[in-house]
Every structure is written in structure tokens, then in C-alpha cells.
Amino acid sequence: MTAPLAVVTVTYSSGAYLETFLRSLADASATLPPVVIADNGSDDGAPEAAEERYDNVTLVRTGGNIGYGGAMNRGVAELDPEIEFVAIANPDVEWRPGSLDALLAAAQRWPDAGALGPLIWEPDGSIYPSARRVPDLVSGTGHALLGSVWPSNPWTAAYREDDAEPSERVVGWLSGSCLLVRRSAFDAVGGFDARYFMYMEDVDLGDRLGRAGWQNVYVPHAEIVHTKGHAAGRNPEKMLPAHHQSAYRFQADRNPGPWRAPIRLALRVGLAVRSRVAVRAARRALDRDHRS
């Protein structure tokens, strides 16, 4: 029989994170699922070593760094179409025991769920706000401008659903660092939008699933640990502008038409300025770390 579940991850010189990902996966489900590694041009040998060491791993080379969403789509396309559920996850995820089975059980309770997401722990023991509302123009702008300097501002609090209890519930979107997607729902909306090189592709996916009548369900009793940002931390000059470009694309797509052109122009200019400021700040922080 074809396994109902498979796992897809995207690598880009992920190093030892990938070994932790695969080792911990063995305890995430009673049945070890097949894994597809969609590699975006790693030069560390980790994907090749994983394919050689683990019998359930298949390595697919995308031909270059085509971005997270595009590579995920490529990996999912490699799966047997009879596989009902796909766990989409970053390679720097560490699975907690039983986490995948908990997500699968929730999928049976929520037959209209197109995506289900776990509770995500940060390495320092804090909980990452992975279940959020879809940002509109006002809340998205307020969060972008004030989130880093005034974390408790009302727009960020509303966007992150800081007032919500950690209960199993329908949300606007879920972090793409770890998602269980129903294959029929994922295929119905065309998967990830490959125009998003990195960042916001999960917000876009969750929004499009919701608009298509599917649910995004947060499942906090399924738990993982995510050591986020290793690629972004190494390359702030590339990743931070990509983040801001994705934020612009998301809002521009949802504010079309000639009469909203001034809104799109203001967004483009404001996000470009914020991107330059963020890159300079990240560069200074990296320089300080290298000196210390």
C-alpha cells in the first residue's frame, strides 16, 4: 500500500541541521515516512550524505537556488500522487516524539483542513507565534514598521494573535517552517507561489487556501523545535531584501487596479527604505559578533 504520508524539505547548505531533522523524524510517527530532499545547490555534501545513510530519503536537485516555495513544489511533484498528506518542513526543524502522528490525527478531526501546523518552540525555550491572522494593509504596515521597536503595538498583537489561547483552532495562516498539507488542497491552489523567493510564501499559501474554502488549523499539542534563520543570518544582504520584496508582493497582489497604484507605490518605497535600514543593522550586528 502507498504510504499516506511523505515529508519534503528544502536544503541550501543546511549542514548538521539536516542530520538532526532526519534523526528526530524517526520518533515523530509510528511509521517512518519517505522523505524527499529538494536541494537548491548545497555545497556542504549534507544532502548526498543523507541519501546514502537513510533508506527512506530521496535527493532531488532543483538545478540552482530557485527559492523555498519553488523547491517545495518541485519536491512535492516527485511524490506518488496517491500520498494523501505531505509534511512540509525546513531542514532546521527537530521533531518532537509523536508530532507527525498528532498532526495526522488532527487532520482526521478537521476534514476541511488544507494545512495543519504544530506548536513551534524556539531553541531558547520560548514559543514562536506560528499561527497568525492574514495581514491586511493596515495591520501589515503597522507590524512591519513597529514590530521590531515596539513589539507590543496593537497591530503586531492582532496579527500574531497574542491574545489567543494555545488551543486547536482555525487561523489565518501557519508558519511554513513546518506544515502538514492535504495533498488535494495543496494541488487545488497550485502549491506555493514560486514568485516568492523566500518569506511570505506561507502567508500567501494560507490565505489562498482560506479563500478556496479550506481551513488552516493550529494543533498545539503537536510540537517541534525550529532553529530558524540560519540561511538568513549568513546572507542578510540577500535574505532581508527578499523578505521585504515578498511583503510588497503579498500586499500588491491584494490591492490591484489603477486606483490603488498610489498605495502600491507607497508600499514599494517604504519597504525599500526599511529593507536598507534592516540590512545595515544586520551587517553591524554580524560585525560585532565577529569581533567579540
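Keep in mind it's a predicted model, so treat the numbers as computed, not measured.
Between the side chains of N90 and S177, no donor-acceptor pair of N or O atoms lies under 3.5 Å.
Looking only at side-chain heavy atoms (C-beta outward), R195 and D204 stay at 4.5 Å or farther from each other. Inter-residue side-chain proximity for L174 and Y218 is flagged as met; some heavy-atom pair is nearer than 4.5 Å. Between R249 and M200 there is no side-chain heavy-atom pair separated by less than 4.5 Å. At least one side-chain heavy atom of R53 sits less than 4.5 Å from a side-chain heavy atom of E19.
The side chain to side chain donor-acceptor pair (under 3.5 Å) analysis of residues 101-112, with sequence neighbours excluded, yields the pairs S29-D101, R109-E168, R109-H221, W110-E168. Screening residues 117-127 for salt bridge (Lys or Arg N to Asp or Glu O under 4.0 Å), with sequence neighbours left out, gives E122-K228.
Hydrophobic clustering (side-chain heavy atoms under 4.5 Å, transitive across Ile, Leu, Val, Met, Phe, Trp, Tyr) keeps Y248 apart from V273. The cluster map of Ile, Leu, Val, Met, Phe, Trp and Tyr, joined by side-chain heavy atoms under 4.5 Å apart, puts L59 and V35 in the same cluster. Side-chain heavy atoms closer than 4.5 Å link hydrophobic residues (I, L, V, M, F, W, Y) into clusters, and following such links, possibly through other members, connects L179 to I83. Transitive grouping of hydrophobic side chains (ILVMFWY, heavy atoms separated by less than 4.5 Å) keeps I263 and V269 in distinct clusters. No chain of hydrophobic side-chain contacts below 4.5 Å, direct or via other Ile, Leu, Val, Met, Phe, Trp or Tyr residues, connects V36 to I66.
Of the possible donor and acceptor atoms, one in the side chain of N40 sits under 3.5 Å from a partner among the backbone N and O of G67. T11 contributes no side-chain N or O that, together with a main-chain N or O of S13, makes up a donor-acceptor pair within less than 3.5 Å. Proximity of a side-chain donor or acceptor of S246 to a complementary backbone N or O of M198 within less than 3.5 Å is detected. Listed for the E78 side chain is no donor-acceptor partner under 3.5 Å among the backbone atoms of V76.
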Check your understanding: How far apart are the C-alpha atoms of L5 and L180, what are their side-chain angles, what is the distance that settles it, and do they pass the side chain to side chain contact (heavy atoms under 4.5 Å, CB included) test?
Key -> CA-CA 9 Å; L5 170 70; L180 180 71; 3.7 Å; yes

Between I88 and F192, does the side chain to side chain contact (heavy atoms under 4.5 Å, CB included) criterion hold? Intermediate values first, please.
CA-CA 11 Å; I88 287 168; F192 285 110; 4.0 Å; yes

Please determine whether side chain to side chain contact (heavy atoms under 4.5 Å, CB included) holds for the pair E48 and E52, giving the CA-CA distance in whole Å, both sets of side-chain angles, and the decisive distance to 0.1 Å. CA-CA 6 Å; E48 293 81 3; E52 182 174 350; over 6 Å; no

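Of all non-hydrogen atoms in F21 and P91, the two that sit nearest each other are CB-O, 3.4 Å.
Around the CZ atom of R268, the shell of radius 6.0 Å holds no more than 12 heavy atoms that belong to other residues, nucleotides or ligands.
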